[in-house]
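Please read the structure below before turning to the comments.
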Number of protein chains: 4
Amino acid sequence: MKSAALRTMRSHSEDRRHALVAAAFGQIAERGFEGLRTREVAAEAGVNIATLHYYFPTKEALIRGVVAHAMGRFRSTLAPHGSPDEQLANHLKAVRALLRKEPEIASVMGELALRSARDTSLARIMRESNDAWHRTLRGLLRRAARAGDLPTAFDTDEAAALIVATLTSMVLPSMTSSRKDQAFRELERWLNSAAGTTRSRPSN
Amino acid sequence: MKSAALRTMRSHSEDRRHALVAAAFGQIAERGFEGLRTREVAAEAGVNIATLHYYFPTKEALIRGVVAHAMGRFRSTLAPHGSPDEQLANHLKAVRALLRKEPEIASVMGELALRSARDTSLARIMRESNDAWHRTLRGLLRRAARAGDLPTAFDTDEAAALIVATLTSMVLPSMTSSRKDQAFRELERWLNSAAGTTRSRPSN
Amino acid sequence: MKSAALRTMRSHSEDRRHALVAAAFGQIAERGFEGLRTREVAAEAGVNIATLHYYFPTKEALIRGVVAHAMGRFRSTLAPHGSPDEQLANHLKAVRALLRKEPEIASVMGELALRSARDTSLARIMRESNDAWHRTLRGLLRRAARAGDLPTAFDTDEAAALIVATLTSMVLPSMTSSRKDQAFRELERWLNSAAGTTRSRPSN
Amino acid sequence: MKSAALRTMRSHSEDRRHALVAAAFGQIAERGFEGLRTREVAAEAGVNIATLHYYFPTKEALIRGVVAHAMGRFRSTLAPHGSPDEQLANHLKAVRALLRKEPEIASVMGELALRSARDTSLARIMRESNDAWHRTLRGLLRRAARAGDLPTAFDTDEAAALIVATLTSMVLPSMTSSRKDQAFRELERWLNSAAGTTRSRPSN
DNA sequence: TATGAATGAGCTTTCATTCAT
DNA sequence: TATGAATGAAAGCTCATTCAT
């Protein structure tokens, strides 16, 4: 059985790959795909440009690495703790916190989203990821409805879509920080008021 | 008195400029800023590359032209007809229709939104445009509230932010068409239900 | 018989040509042949670039115009007044004064001199002009010698060459103004001392 | 201890740099700055144009290399052997020989001199170099005077300026070879006669 | 595994020149 | 005579990629 140290221990090779991916990630966040230069990435990672090509034969391969990195980073916002509606509330907060603390993730996700329009393999990844996200949200909403926390007329599929849409918009810099907060609050209020409709009735 | 024909008649020079902007617009929609090539734009407009530079001294100048074009195209979705809540409903439908009929606009708006993070002059344009949009929506919501079509507790500022956020997300291809429809429907339902809260009360 | 007014009256066409040549002259003085741009010349003369090509079919034709202009400007320094040695002294002073008052002439002459190495037709013009200059100086020196103002051993051919060489160096900006003055003074002193050798003898 | 072979051995990289500078030097001598083309330089050095930019990021950087090369080439004419007046005579002969054997140096120095009018950093280099030259000559003249080889009334500063001016004129092709010889001879004669004035007197 | 050197292909931009009006 | 519009040809420079070591 591997010790914790061993499990998190990275080979030199993995370190290099990660350093390169992290540098590329930073570059994309800062300059977009438009401004991504392998030389800059190599320089930032402290290696020769030829070394970069040793680890990532092509620029596209490097970008794949960034995609995997970014998706993994984003998945962490869905933590299964508490009741369905608590999980939902926590997820919203976690997304907001992530985008606030690491705005580069927003930039990169935005870049990836746009790029997926011209890159079928990236499109597949994004679609699968988004579908999984949507299904998770819908599942939470359904369980909340079953628990009596939402009105039965509530369309969980469309509600999940609205949540995904709203949170998705946050990766664009055209949404200012204060506007993001407002939209977030309205989303929470909306969910609460829907919950209130059912909850408050029995208590009457 | 100028005839309609005369009024819409363009000089040769304006035609060329427009053709170049339209070609650049198409290229950005298709390949993103990453893939925008002046040579391709000139070829698509049927002119020599030097001719492009006769009209637009630099690539950036051409991009400014595209920005103006795209913003103008988007503004057309706010038509002031009917009561506030009708205008609101129409606006939602108009945005959805525009994005469905001309998906290139979505692509380009997405590209511009991302680029605005690294381009202060573009950032200003996007911000002003978004602020105006938000203010318009908020105005409609307020007038609807005053007309008794919305509950008094309704926060028009945050509701407008939620609408902007949802519609904004539609410029990203990661939102599939069916998901966009769902989010739209949920947005309409939410607005209607809010309206219903007040409207139904007198009948009680 | 033409009146003075008539003689100096220029046709519109000649004015245009002259304005273009003057502008080109100024550009060469300022930026060298390296930086000569027909568009700039046209703009400075206040005409369209196509108009420039109406008057001067090619850039080379325009340059020919500049050459003629510059050579004419330089010839004015040889005014036949006074005794040979006075003429000589005056010539030195006139060259110095010209270069001081119109440094552009120095720049352009320098540019032309260098260009003549790659331009046979310009080379011919420069050579002829320089030969004429040399002959004139030699003639003055010979007449001064015959008048007893110079020692008989004096080699007028080589002395003329030294004068031409010294004055020629003044078109280069690597000779600073103060250095030019020093060289001038030494040249004058040398000519005077040579004169003094013969003149002082009778007094012995 | 390094052998002579080792000492003069150049790295591959230095060779390439030198080959590129030499090619650029040749191009400037042949076509002037006006006709300097990086592609031609690269071709003449037998490398790809991108390789040229690997060694010299910009055309200007390449030109700086040429400047250093030319200045170094010129400095070699001041060899400190013999008495002051011998050194002086040798210097004159060395300059004449250099310009005769390698006329490209004359061309390039001429180009650099003119360019210095529009290039402050080059201007500084040229000025410093010329000042050093002038000081060296003046020093030689002073020591010659102190040794009794020149009349005390002799103004060494101005005489040095005259020598510099005359030699400087030789970089211009408007001075033909025979005229250069004549000017040289007159310069030598002038220096000798000045020397003769003092030397011959005691013997009388 | 790592790198310095090299390159093909392509990019934006410039410029003298032409031409229809 | 004069010009706005257009262009072919080329220029300097960039960049992902390769390769010998």
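Only this structure's heavy atoms are used, side chains among them; waters, hydrogens and symmetry mates stay out.
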Does Arg16(D) count as lying over the ring of Tyr55(D), i.e. NZ or CZ under 6.0 Å from the six-ring centre, within 45 degrees of the axis? no

Using side-chain heavy atoms (C-beta onward) and a distance below 4.5 Å, is [X] in contact with [Y]?
{"X": "Leu114(A)", "Y": "Pro173(B)", "value": "yes"}
{"X": "Arg115(B)", "Y": "Ile63(B)", "value": "yes"}
{"X": "Met71(C)", "Y": "Met126(C)", "value": "yes"}

Using the salt bridge (charged side-chain N to carboxylate O under 4.0 Å, His left out) rule, collect all pairs that involve residues 37-51 of chain A, keeping only residues at least two apart or in two chains. Arg31(A)-Glu40(A)

Among all residues two or more places apart in sequence or in another chain, which pass the side-chain hydrogen bond (donor to acceptor under 3.5 Å, both in side chains) test with Arg118(D)? Glu34(C), Glu111(C)

Between dA16(F) (P) and Tyr54(D) (OH): distance, integer Å: 16 Å

Quick one: do Asp119(D) and Arg64(D) make a salt bridge, cutoff under 4.0 Å? yes

Counting distance only, does the side-chain N/O of Thr58(B) pair as donor-acceptor with the main-chain N or O of Ala61(B) below 3.5 Å? yes

For Ser11(C) and Glu14(C), indicate whether the former's side chain and the latter's backbone hold a donor-acceptor pair under 3.5 Å. yes

Protein and nucleotides 8-11 of chain F: nitrogen or oxygen contacts under 3.5 angstrom:
from	atom 1	to	atom 2	distance (Å)
dG8(F)	OP2	Asn48(B)	ND2	2.5
dG8(F)	N7	Asn48(B)	ND2	3.4
dA11(F)	OP1	Arg37(D)	NE	3.4

Dot-bracket for DNA chain F: what is it, with Watson-Crick or G-U pairs under 3.5 Å, [ ] where a pair crosses earlier ones, and | for a pair to another strand? .||||||||||||||||||||

With sequence neighbours left out, the residues meeting ring pair (Phe, Tyr, Trp, His ring centres under 6.0 Å) with Tyr54(D) are none

Note: chain D reaches DNA chain E at heavy-atom distances under 4.0 Å over the stretch, first to last nt, 5' to 3', of dG4(E) to dG10(E)

First of Glu60(D) and Leu52(B) reached from the 5' end of DNA chain F, by closest nucleotide: Leu52(B)

Please figure out whether His53(D) or Ser13(C) has its closest DNA chain F nucleotide nearer the 5' end. Ser13(C)

How would you label the contact of Tyr55(C) with the nucleic acid (heavy atoms, under 4.0 Å): base, sugar-phosphate, or nothing? sugar-phosphate

